[in-house]
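Have a look at the structure below before the remarks.
Throughout, a chain's letter reflects where its sequence line sits, starting with A, and its residues are numbered from 1.
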There are 2 protein chains.
Amino acid sequence: MRPPGPQARVRLVDVAAHAGVSMKTVSNVVHDNPHVSPAMRARVERSIDELGYRPNLTARRLATGRTGMLALALPEMDQPYYAELARHVAEAAPEFGYRVLMEQTLLSADDEHAAIGSSQNGVVDGILLHPVRLTPEEIGALPRDLPLVLLGESAPPAADHVMIDNVAAARAVIQHLVDAGRRRIAFLGTVVDQLSDATAPRLQGYHEGLDDLGTPQADRCVLVCADYSVEASEAALSRALADGLQIDAVMCREDRFAVGALRALLRAGRRVPEDVAVVGWDDTEPARWSHPQLSSVAPDKRALARAALRLLHERIMGYQGAGRHVLVPHRLVVRASSQPAGDGGDAVDRRTSSRG
Amino acid sequence: MRPPGPQARVRLVDVAAHAGVSMKTVSNVVHDNPHVSPAMRARVERSIDELGYRPNLTARRLATGRTGMLALALPEMDQPYYAELARHVAEAAPEFGYRVLMEQTLLSADDEHAAIGSSQNGVVDGILLHPVRLTPEEIGALPRDLPLVLLGESAPPAADHVMIDNVAAARAVIQHLVDAGRRRIAFLGTVVDQLSDATAPRLQGYHEGLDDLGTPQADRCVLVCADYSVEASEAALSRALADGLQIDAVMCREDRFAVGALRALLRAGRRVPEDVAVVGWDDTEPARWSHPQLSSVAPDKRALARAALRLLHERIMGYQGAGRHVLVPHRLVVRASSQPAGDGGDAVDRRTSSRG
DNA sequence: GGGAAGTTTTACAGCGCTGTAGCGTCGGCC
DNA sequence: GGCCGACGCTACAGCGCTGTAAAACTTCCC
């Protein structure tokens with residue numbers, strides 16, 4: 001099977017002939033360029049309408065060298081956090097004049113590598129990548145021939161990069177839990193074996209927050225999940241509880257882990273939040289579906305998307321300077337899962353934003 | 001700010017000069033075309049490597065008229081069902097030789113309209129659209145100058161179209177609930193005011209299923225949600241329960257409504273599944289996070305994505321025939337939320353697939 | 001040794017658009 | 001009145017690749 005030949009479309013030259021002007025004048029009208037008299041503009045516009053002309057974007061691209069497209073490379077587009085991020089990027093991109101090409105890296109270093117490498121050549125003007133496997137060193141070492149902006153925690157100093165202040169956010173979680181009377185707070189995360197993992201700064205904030213409060217090491221507890229699933233999280237906490245772990249709060253590396261924690265606690269007969277408070281991370285919509293509704297660290301995803309687009313746009317427009325590292329605001333959304341006992345009611349926003 | 005000029009890249013002609021052959025021969029080597037002697041192939045490949053040549057996709061597109069890209073137009077990419085669908089499309093598209101451009105229609109008829117209209121001109125080879133606002137009539141009346149395949153329930157006969165057999169699936173839900181001893185089954189859906197809404201066939205299946213069983217109209221109950229949110233669903237069922245509605249099962253138009261139903265039932269003091277069974281629709285991952293875990297109608301999303309891609313690919317390759325309407329398999333995944341009392345344990349798959 | 005038949009390679013004209021250079025024309029100003 | 005600059009528009013050469021037609025080269029056979 002071969003594709004059929006391109007059906008005869010109306011071209012710029014056809015409009016020009018119909019209006020009795022040069023191609024360039026038509027082009028100027030299409031682009032609202034100056035130096036076109038109103039009369040001429042009207043005449044050309046009429047021809048455009050009559051002929052139903054629509055510019056061929058590919059040809060324009062070849063001529064200008066710009067594609068007006070961006071690649072958005074995310075690990076898994078069906079994970080709520082990434083899906084929400086994608087939505088914000090898709091919504092904001094048109095404002096910067098771009099369309100979004102989706103790329104899925106599926107938690108694979110090779111795919112992340114490929115997303116940066118210009119297999120893209122001539123397809124997109126720039127790349128938005130959220131790496132989870134490549135380390136900052138690896139990213140820094142890669143030849144980059146397209147503007148690149150990184151999302152998440154893994155970024156070499158030389159690259160543009162947008163994230164929230166994870167350490168501050170984690171400390172705010174600790175503060176909130178302690179304010180609510182919690183004393184034995186566990187951290188539920190992943191093995192911190194890769195610099196690219198967001199667990200590290202969050203765990204750091206956990207420790208710093210507890211340090212400030214003078215909490216002894218004995219009252220701390222870091223639990224490790226085998227992977228990023230609800231099941232792994234449930235298993236990790238269940239095992240710890242069965243082993244006699246005594247806690248009155250769990251702070252989780254992400255919402256999915258918090259969901260797993262809720263399950264483990266339910267199964268172990270602990271009440272949430274009366275016996276144990278639970279706080280998640282990312283404030284994804286499905287986490288609000290849980291019962292009790294989940295408290296969570298909420299990155300300003302809209303701001304994240306816009307900041308990343310702005311940085312990328314500037315690069316595409318020729319900015320050649322040093323890597324910029326932008327912190328976008330976040331807040332801690334307190335819901336039922338970490339409410340002090342007897343303090344029911346709706347969500348309370350404790351804003352703890354930061355800027356960089 | 002203006003973009004910098006294109007940095008000097010290696011072009012086909014450069015490789016040709018370096019290898020001392022014609023451009024076309026280089027092109028043939030790049031494309032693995034026949035009629036190139038092994039010696040010549042080796043020589044050209046060496047030049048390609050030495051120069052680091054990478055073809056310019058835009059130029060190729062202009063020359064061939066094909067872009068190798070598809071638009072995937074979905075209402076909201078952060079809704080779990082659409083996010084999961086997007087993931088499957090993104091994963092399968094490369095096998096058909098396409099990349100995926102994301103388009104978000106945000107529940108707006110205008111945006112759906114725009115997705116079909118070729119503002120796209122020259123950007124994509126075809127369009128995958130899941131309409132929720134445009135009616136089949138409206139879609140049928142639209143001028144289509146690009147191959148189009150529709151997902152979901154809203155499709156005119158003339159267009160290619162992929163979905164599951166909603167009526168059969170709904171009947172299977174009824175059968176399952178009745179088998180589990182349920183007698184008063186409510187349907188939780190939306191106002192059926194638009195043909196484009198998926199509620200209609202599901203509601204039809206609900207009635208047909210109950211008709212077969214001779215269930216009197218008095219034992220049926222159709223609840224209407226104001227919009228697609230968990231809150232609207234919770235409110236609708238809560239109100240009905242407060243008004244004295246007596247039911248032992250709820251079948252929901254989608255998982256979000258089922259989550260809302262779980263909340264309403266919990267709030268009203270009804271146990272799930274002991275007092276009331278709940279079944280959702282779409283089998284999205286977050287629904288498996290609920291407690292109790294949600295039974296749900298699971299469309300084979302992978303098959304859905306592949307079937308749609310296949311139809312679209314055939315259109316792009318020149319198929320001109322009548323609209324094809326493909327039914328992909330689905331199954332009912334039974335989990336705790338609709339388990340017969342005392343019948344705990346893991347999920348059981350009741351397969352009820354259909355083909356068309 | 002001369003063609004026929006087939007294979008390999010080349011030359012070049014597009015694909016549809018934009019950027020640049022340049023040509024008239026007009027008005028303003030010394 | 002003549003010159004200059006600004007304006008409005010045109011002509012045309014690319015952008016980098018592919019498809020076609022034809023040339024060049026082999027091979028094979030009589």
How about A/S108 and A/T105: does a side-chain donor come under 3.5 Å of a side-chain acceptor?
->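 No, because no side-chain N or O of A/S108 sits under 3.5 Å from a partner of the opposite role on A/T105.
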Nearest-angstrom distance from the residue atom [atom1] of [X] to [atom2] of [N]:
| X | N | atom1 | atom2 | value |
| --- | --- | --- | --- | --- |
| B/N56 | C/dC15 | CG | C1' | 13 Å |
| B/M23 | C/dC12 | CE | C1' | 9 Å |
| A/D14 | C/dC15 | CG | C1' | 13 Å |
| A/Y53 | C/dT18 | OH | P | 6 Å |
| B/N28 | C/dT9 | CG | C1' | 9 Å |
| A/R60 | C/dC15 | CZ | P | 18 Å |
| B/R54 | D/dG16 | CZ | P | 16 Å |
| B/L57 | D/dC17 | CG | P | 10 Å |

side-chain hydrogen bond (donor to acceptor under 3.5 Å, both in side chains) partners for B/Y98, two or more places apart |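 B/Y98: side-chain hydrogen bond (donor to acceptor under 3.5 Å, both in side chains) contacts with B/R66, B/H313.
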Any residue meeting side-chain hydrogen bond (donor to acceptor under 3.5 Å, both in side chains) with B/R61, in chain and number order, not counting sequence neighbours =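 For B/R61 there are no side-chain hydrogen bond (donor to acceptor under 3.5 Å, both in side chains) partners, ignoring immediate neighbours.
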Give each protein N/O atom lying under 3.5 Å from an N/O atom of nucleotides 23-25 of chain C, with the pair distance.
none

Measure from the side-chain heavy atoms of A/L12 and tell me the nearest of D/dC17, C/dC17, C/dT9.
->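 Closest of the options to the side chain of A/L12: C/dC17.
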Check every atom of D/dG19, C/dC17, C/dT18 against the side chain of A/K24 and return the nucleotide holding the closest atom.
->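 Looking only at side-chain atoms, A/K24 lies closest to C/dT18.
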Mind running a 4.0 Å heavy-atom check of residues 29-37 of chain A against DNA chain C and sending the residues that fall below it, in number order?
->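 By residue number: A/H31.
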Could you check if a side-chain atom of [X] sits within less than 4.5 angstrom of a side-chain atom of [Y], using non-hydrogen atoms only?
| X | Y | result |
| --- | --- | --- |
| A/D125 | A/M69 | no |
| A/N28 | A/H35 | no |
| A/I116 | A/L146 | no |

Could you note down all residue pairs passing salt bridge (charged side-chain N to carboxylate O under 4.0 Å, His left out) where residues 303-312 of chain A supplies at least one of them, sequence neighbours left out?
->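 Applying salt bridge (charged side-chain N to carboxylate O under 4.0 Å, His left out) to every pair that reaches into residues 303-312 of chain A, excluding sequence neighbours, yields A/E95-A/R306, A/R310-A/E314.
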Ion pair check, A/D111 and A/R133, cut-off under 4.0 Å |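 No, this pair does not count.
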Hey, which sits more toward the 5' end of DNA chain C by its nearest nucleotide, B/T25 or B/L62?
->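 It is B/T25, whose closest nucleotide lies nearer the 5' terminus.
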N/O to N/O distances under 3.5 Å, protein versus nucleotides 23-27 of chain D:
none

Answer yes or no on whether A/R9 is positioned over the face of A/Y53, meaning its NZ or CZ is under 6.0 Å from the six-membered ring centre and within 45° of the axis.
->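 Judged by the rule (NZ or CZ under 6.0 Å from the ring centre, within 45° of its axis), A/R9 is not positioned above A/Y53.
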Per the end-axis method with five pairs at each terminus, what is the bend angle of the helix from C/dG1-D/dC30 to C/dC30-D/dG1, to 10°?
->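 Computed angle between terminal axes is 60°.
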Can you name the salt bridge (Lys or Arg N to Asp or Glu O under 4.0 Å) partners of [X], sequence neighbours left out?
| X | answer |
| --- | --- |
| B/E91 | B/R87 |
| A/D49 | none |
| B/E138 | none |
| B/R11 | B/D14 |

What is the nucleic acid contact for B/M40, judged by heavy atoms within less than 4.0 Å: base, sugar-phosphate only, or nothing?
->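 If one applies the 4.0 Å heavy-atom cut-off, B/M40 turns out to touch the sugar-phosphate alone, with no base involved.
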For A/Y82, ring-ring contact (aromatic ring centres under 6.0 Å, His included) partners two or more places apart |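 For A/Y82 the ring-ring contact (aromatic ring centres under 6.0 Å, His included) partners, ignoring immediate neighbours, are A/H130.
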Would you please confirm or rule out a distance under 4.0 Å between OP1 or OP2 of D/dC9 and any side-chain N or O of A/S22?
->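 No, outside the criterion.
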